Amino acid sequence: MKLSSLTQLCYRRWRLLRYQFSPWLMLAIGSFNLLFSSGVKRTYHKIHCMKAMSRIDFVGVCKTIDDLLW
C-alpha cells in the first residue's frame, strides 16, 4: 500500500470519527458551560445543547447498547 493511499485512508477515518463524536463533544462542552453561565449566555448554551441533542441518533445508541447487553 502506498503512503499516499494510507494517508488518505487515515484522513477519511479521522473525518468519520470526528463527524460521529462532534455532537457528543458539543453536548458535553455545552452542558459544562451551562453550569457556569447566566443571562443571555445561558440561553445561548441551552440552544447549543438542544442542537447537539437533535444531531445525536439516540435510537442507534439504544440499539448498540441493546446488542452489547444481550
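Everything quoted here is computed from the prediction, not taken from an experiment.
Rounding to the nearest 0.5 Å places OG of Ser37 at 5.5 Å from CZ of Arg42. Note that CD1 of Ile47 and CG of Leu34 are 11.0 Å apart. Values are rounded to the nearest 0.5 Å. Between the NE2 atom of His45 and the CG atom of Leu35 there is a distance of 10.5 Å, given to the nearest 0.5 Å. Separation of atoms NE2 (His48) and OG (Ser31) is listed at 9.5 Å; rounding is to 0.5 Å. Between atom CD1 of residue Ile56 and atom CE of residue Met53 there is a gap of 8.0 Å, rounded to the nearest 0.5 Å. Atom CG of Asp67 is separated from atom SG of Cys62 by 11.0 Å, given to the nearest 0.5 angstrom.
Note on ring orientation: taking the six-membered ring where Trp is involved, the planes of Phe36 and Phe32 are perpendicular (angle over 60°, cut-offs 30° and 60°).
In the hydrophobic cluster analysis, where Ile, Leu, Val, Met, Phe, Trp and Tyr join through side-chain heavy atoms closer than 4.5 angstrom, Phe58 is grouped together with Leu69. One hydrophobic cluster holds both Leu27 and Ile65 under the rule that ILVMFWY side chains link at heavy-atom gaps under 4.5 Å.
The closest side-chain heavy-atom distance from Trp24 to Val61 is below 4.5 Å. Residues Lys51 and Pro23 are not in side-chain contact: their nearest non-hydrogen atoms beyond the backbone lie 4.5 Å or more apart.
Minimum heavy-atom separation, Cys49 to Gly30: SG-C, 3.4 Å.
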